[in-house]
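Heads up: the structure comes next, in structure tokens.
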Amino acid sequence: MIEIKDIYKNFGEKQVLKGITTVFETGKTNLVIGRSGSGKTVLVKTVSGLEKATSGEIIYDGRALSAMNDDQTTALKREIGMVFQGGALFDSMTVAENVRFPLLMFSKMSSAEMDKRVDFCLDRVDLPNTHKLFASELSGGMRKRVAIARAIVANPKYLFCDEPNSGLDPQTSILIDKLIKEITEELNITTIINTHDMNSVLEIGEHIVFIYNGNLWWEGNRHEVITCDNKELNDFLFNNEITKRLKQ
Amino acid sequence: MKKFINTVGGYFMLLGKVLRRPDNGRAFRRQLVYEMKVLGIESLPIACIISAFVGAAVVIQFAASLSNPIYPTWITGYTTRKAIMLEFAPTMIGLVLAGKVGSRIASELGTMRITEQIDALNIMGVNSANYLILPKITAFMLFSPVIVTLSVFSALAGGWLFGMMSGAMSSYEFLDGVQLEFDSYDMFYGMAKGLVYNFIIASVSSFRGYTVTGGALEVGQASTRAVVESCIVLIAANLALTSILI
């Protein structure tokens, strides 16, 4: 579980996050949604520790990020997996080497154990025979799946996904969403997904946080999204004829 | 001025993160071998080719300037050797490699930055600066004596060959001069310069690439700045080292 309390984040004079407080529960797919520029990516990067909050508290299962020293922060980071928007796969490595990398750096596994774990993770994301391919040889969906395999290979407690569906066709998007949800439940981890994909909201949104102009504007789940009367949320999610009809 | 101080401060802060014990020795050695190949071995052909032509030009210049009968016949070989070992091999090849290696390092790290590969390392708890930059600096510095030595031999070979072909002097005169009063300190001097230059090129270029923000345009700009700044710092270091070592 990750609790965030009154998080502010400024870039110079510009205030991007304005006192956000919420709880991201374990075993659930937590979605952060909002328009481009609303601050959702900054929120996810701040919670994951890639950006430092200007003020406020981020608590990982009772451990306050602000109270941690460098060693404790590094140890915490090893409990985090992250899927970046473009995959962020290492160009100079093959798929297998990418997935193996976190194990190589920090685990005490033997080479054979690492290979077994890599095989398991690649099988789990349905990419069994791609070990020797390089990132440049993969499609967008495959890159995302390799990124998911790399993120889960070291058994993280926390999984962050930055727009995992961006640039993917609707069918592949749904596959990626389902995969993330299944992994969240299987590993019982705290998953936070930054998205503006309507399908993701309705398919896997067990806890949805809507960010509007740096504020937490609405919170609920995929069922409540349909019935809520928050104007800004409705304008954001139900912005074409089909979705408006769905809402009605 | 404030920007300059910020840049210099940022450079030394980055070095503080780089010059630490690697998180994982096995991963460091693997990266080191890879960087020795791409930064070291792949730099040798251009270093040798340019050195050979520079050596030839130096011989022609000296042969023309020292053609007076009052000078001994070995003078061209002797001065060519001195000039190449003390200045041309380390400094000119340093400037050439600032272009080749500097732009490569800056664009590689810059691309990793804008494609979030560096963020991916950081989120895993890897000291990304140490993991990415330390092997580059170490590999390039380890290769420095090899590059300088091969550069000296290539320049002398180029000078000898072209001197012979052009009829500027005989083979015997040139080789006699090259071997005359050989001082091993000259070799140490050239290698010491080479070591410092390679550190400057790798670290300045890494700083420029690692701290890129933006997109492809900024990566290109960072690559250019890496080369320009490496060259300026290298030339300034040359003056300082020459004053200290000579």
Side-chain angles (χ1 to χ4, degrees), chain A residues 11 41 44-52 68 70-93 97-111 114 135-136 143 146-147 150-154 156 158-163 166, chain B residues 2-3 6 13 16-17 20-39 42 104-136 139 209-216 219:
Chain A
F11 288 103
T41 297
V44 171
K45 287 194 169 179
T46 305
V47 176
S48 66
L50 277 175
E51 296 282 355
K52 203 171 179 212
M68 290 182 189
D70 284 352
D71 289 342
Q72 287 168 324
T73 309
T74 303
L76 173 69
K77 283 182 175 175
R78 289 172 194 169
E79 297 175 6
I80 293 174
M82 185 148 184
V83 179
F84 287 86
Q85 196 172 344
L89 301 180
F90 304 126
D91 299 324
S92 59
M93 296 182 193
E97 286 167 341
N98 262 286
V99 178
R100 190 186 165 111
F101 183 81
L103 302 176
L104 182 77
M105 290 302 287
F106 302 117
S107 82
K108 291 190 169 70
M109 285 182 179
S110 68
S111 192
M114 283 190 226
S136 56
R143 290 174 74 97
V146 174
R150 187 177 67 183
I152 63 168
V153 73
Y158 314 99
L159 179 65
F160 294 90
C161 305
D162 184 16
E163 301 198 14
S166 68
Chain B
K2 192 180 167 191
K3 196 177 171 190
N6 277 339
M13 281 173 69
K17 287 184 193 168
R20 288 184 187 179
R21 189 188 166 91
D23 289 322
N24 183 304
R26 191 168 38 164
F28 173 75
R29 285 190 293 277
R30 203 181 67 168
Q31 284 290 98
L32 184 66
V33 170
Y34 173 75
E35 299 296 353
M36 285 174 90
K37 176 183 169 284
V38 296
L39 301 182
E42 290 180 11
R104 183 194 171 100
I105 290 176
S107 53
E108 180 189 329
L109 291 178
T111 304
M112 287 187 80
R113 170 65 75 188
I114 64 164
T115 56
E116 297 181 308
Q117 292 177 51
I118 291 179
D119 284 341
L121 287 168
N122 289 336
I123 201 84
M124 289 175 200
V126 176
N127 176 349
S128 59
N130 174 278
Y131 174 75
L132 294 171
I133 300 173
L134 188 63
K136 293 186 196 306
Y210 190 83
T211 54
V212 162
T213 51
V219 172

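This structure is a prediction, so every number in the text was calculated from the model and none was measured. Order of the sequence lines fixes the chain letters, A, B, ..., with proteins taken first and strands second; residue numbering starts at 1 for each chain.
For the residue pair A120(B) and R150(A), the shortest heavy atom distance occurs at CB-NH2, 3.7 Å. Here the closest non-hydrogen pair linking M105(A) and A27(B) is SD-CB, 3.6 Å.
Atoms CE and CD, on M124(B) and E79(A) in that order, are 15.5 Å from each other to the nearest 0.5 Å. With rounding to the nearest 0.5 angstrom, the CG atom of L89(A) is 7.5 Å from the CD atom of Q117(B). Here the NZ-CD distance, from K45(A) to E116(B), works out to 4.5 Å after rounding to the nearest 0.5 Å. One finds the CZ atom of F84(A) at 10.0 Å from the OG1 atom of T115(B) (value rounded to the nearest 0.5 Å).
Counting heavy-atom neighbours within 6.0 Å of D70(A) CG, excluding the residue itself, gives a total of 12 or less. Other residues, nucleotides and ligands place more than 12 heavy atoms under 6.0 Å from the CE atom of M93(A).
Residue contact with chain B, scored on non-hydrogen atoms closer than 4.5 Å, involves the side chain of F101(A) exclusively. For a residue to count as touching a neighbouring chain, one of its non-hydrogen atoms must lie under 4.5 Å from one of that chain's; by this rule D162(A) touches chain B with the side chain only.
Between the side chain of N24(B) and the backbone N or O of L104(A) there is at least one donor-acceptor pair closer than 3.5 Å.
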